[in-house]
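Structure, as structure tokens:
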Amino acid sequence: MNQAKMRRCPACRQAGLQPATRVREFHPRGQASPVRVELLTSVCPSCAAEATSAAQHSENLKRLKARKAQYGGLLLGEEILSLRRRYGITQQAAAKIFGKGKIAFSRYENETSYPDESTTLLLTLAIEKPDVIRALADKAGVDLPLWGARCEDERAAKTRMFRGVLKVDTGAGQVSGSKMKHAVWSSMPNTGSHRETSFAFDHAASIVSANDDRYMMSLAN
């Protein structure tokens with residue numbers, strides 16, 4: 001690499017960073033051998049400081065995600081961290097929700113240990129179905145600070161979906177309102193709470209009702 005194109009070391013400012021790699025090992029429960037992931041980084045030849053560029057970070061995330069194929073049914077630490085951050089809860093709050101010890105989620109997220117099968121099942125359901133973590137949090141008396149924001153995200157996503165699915169086609173004939181509403185309901189994804197699903201359906205139905213004889217169902221590519 002041309003010296004002029006090298007990033008200057010942010011620590012000593014004396015030399016250009018040199019491309020390097022490091023290996024991170026994971027030890028998923030039940031695996032006979034460790035899972036090794038080679039990660040990209042850069043090292044200063046002068047002071048040995050290490051730095052990672054945005055492009056290297058992006059590639060590292062892809063490599064870390066790819067190790068999922070070797071985990072069987074286990075969750076990645078990043079998946080557990082993402083669930084917790086999604087709803088704005090601390091590790092201690094998450095431990096209370098899922099009935100674990102105070103430092104359990106620190107260990108899960110850093111993969112120094114892994115959730116048992118029953119906890120893995122609960123976490124997986126919570127990731128896939130928001131109502132699960134809502135019910136568990138209510139039972140444990142734990143607030144989900146970002147629950148409202150996530151509900152708004154889902155409403156917005158479903159609104160965008162219906163805008164893409166419902167199209168006016170003046171030359172394709174007529175479709176009755178009842179058939180249109182049935183098609184809208186059938187096209188809805190089976191995720192999220194019943195409350196959120198009902199909201200999205202009511203919103204779509206109101207759009208259909210405005211011009212029952214002008215809307216045609218068209219699934220987006």
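Reckoned from all heavy atoms, side chains included, excluding hydrogens, waters and symmetry mates.
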* Using a cut-off of 6.0 Å, state whether more than 12 heavy atoms not belonging to His57 lie near its atom NE2. =>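 For His57, atom NE2 is not crowded (no more than 12 foreign heavy atoms under 6.0 Å).
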* Inspect the surroundings of CG in Leu61 and state if more than 12 heavy atoms from other residues, nucleotides or ligands are less than 6.0 Å away. =>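 Enclosed: over 12 neighbouring heavy atoms sit under 6.0 Å from CG of Leu61.
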Please determine if [X] and [Y] form a salt bridge, counting it only when a charged side-chain N lies under 4.0 Å from a carboxylate O.
{"X": "Asp116", "Y": "Lys100", "result": "yes"}
{"X": "Glu117", "Y": "Arg29", "result": "no"}
{"X": "Asp131", "Y": "Arg134", "result": "no"}
{"X": "Glu79", "Y": "Lys68", "result": "yes"}
{"X": "Glu50", "Y": "Arg22", "result": "yes"}
{"X": "Lys158", "Y": "Glu154", "result": "yes"}

Look up atom [atom1] in [X] and atom [atom2] in [Y], then write down how far apart they are to the nearest 0.5 Å.
{"X": "Ser82", "Y": "Arg85", "atom1": "OG", "atom2": "CZ", "value": "8.5 Å"}
{"X": "Arg7", "Y": "Cys44", "atom1": "CZ", "atom2": "SG", "value": "11.0 Å"}
{"X": "Leu64", "Y": "Leu39", "atom1": "CG", "atom2": "CG", "value": "5.0 Å"}
{"X": "Leu40", "Y": "Asn60", "atom1": "CG", "atom2": "CG", "value": "5.0 Å"}
{"X": "Lys102", "Y": "Gln91", "atom1": "NZ", "atom2": "CD", "value": "13.5 Å"}
{"X": "Tyr87", "Y": "Arg150", "atom1": "OH", "atom2": "CZ", "value": "8.0 Å"}

* Asked: With respect to Glu59, which candidate in Lys62, Arg63, Gln56 satisfies the side chain to side chain donor-acceptor pair (under 3.5 Å) definition?
  ->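 By the side chain to side chain donor-acceptor pair (under 3.5 Å) criterion, Glu59 pairs with just one of Lys62, Arg63, Gln56: Arg63.
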Look at the side-chain heavy atoms of Ile, Leu, Val, Met, Phe, Trp and Tyr, link any pair under 4.5 Å apart, and say whether [X] and [Y] land in one connected group.
{"X": "Ile133", "Y": "Ile127", "answer": "yes"}
{"X": "Ile80", "Y": "Val132", "answer": "yes"}
{"X": "Val37", "Y": "Leu76", "answer": "yes"}
{"X": "Tyr114", "Y": "Leu122", "answer": "no"}
{"X": "Val35", "Y": "Tyr108", "answer": "no"}

* With Arg67 as the cation and Phe26 as the aromatic partner, state whether NZ or CZ is under 6.0 Å from the six-membered ring centre and within 45° of the axis. =>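 Cation-pi check for Arg67 and Phe26: passes.
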* **Val43 vs Leu17, side chain to side chain contact (heavy atoms under 4.5 Å, CB included): CA-CA, chis, key distance, verdict** => CA-CA 5 Å; Val43 176; Leu17 294 171; 6.0 Å; no
* To do: Answer yes or no: is there a donor N or O on one side and an acceptor on the other, between the side chain of Thr159 and the main chain of Arg155, under 3.5 Å?
  =>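 Flag set: sc Thr159 to bb Arg155 pair under 3.5 Å.
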* Can you tell me if Glu111 uses its side chain to pair, donor with acceptor, with the backbone of Gly77 under 3.5 Å? ->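 Yes; at least one donor-acceptor contact below 3.5 Å.
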* To do: Let me see the working for Arg84 and Glu109 under salt bridge (charged side-chain N to carboxylate O under 4.0 Å, His left out), right down to the final yes or no.
  => CA-CA 10 Å; Arg84 186 171 62 76; Glu109 292 169 14; 2.6 Å; yes
Might you point out which heavy atoms bring [X] and [Y] nearest each other, and give the distance in Å?
{"X": "Pro34", "Y": "His27", "answer": "CB-CE1, 3.4 Å"}
{"X": "Gly73", "Y": "Thr120", "answer": "O-CG2, 3.6 Å"}
{"X": "Ala11", "Y": "Ala49", "answer": "CB-CB, 3.8 Å"}
{"X": "Cys9", "Y": "Cys47", "answer": "SG-SG, 3.7 Å"}
{"X": "Ala140", "Y": "Ile97", "answer": "CB-CA, 4.0 Å"}

* Could you tell me whether the side chain of Pro115 reaches within less than 4.5 Å of the side chain of Leu75, counting heavy atoms only? =>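 A side-chain contact under 4.5 Å is absent here.
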* Below 4.5 Å, heavy atoms only, C-beta onward: do Ile89 and Pro145 meet side chain to side chain? ->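 Ile89 vs Pro145: side chains touch.
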* Asked: Run the side chain to side chain contact (heavy atoms under 4.5 Å, CB included) check on Thr21 and Thr41 step by step: do they pass?
  -> CA-CA 6 Å; Thr21 60; Thr41 187; 5.9 Å; no
* Asked: Taking the six-membered ring for Trp, are Phe105 and Phe98 parallel (under 30°), tilted (30 to 60°) or perpendicular (over 60°)?
  ->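 If you compare the ring of Phe105 with that of Phe98, the planes turn out tilted.
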* Asked: Does a side chain donor of either Gln31 or Gln70 reach within less than 3.5 Å of an acceptor in the other side chain?
  ->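 Per modelled atom types, Gln31 and Gln70 side chains form no pair under 3.5 Å.
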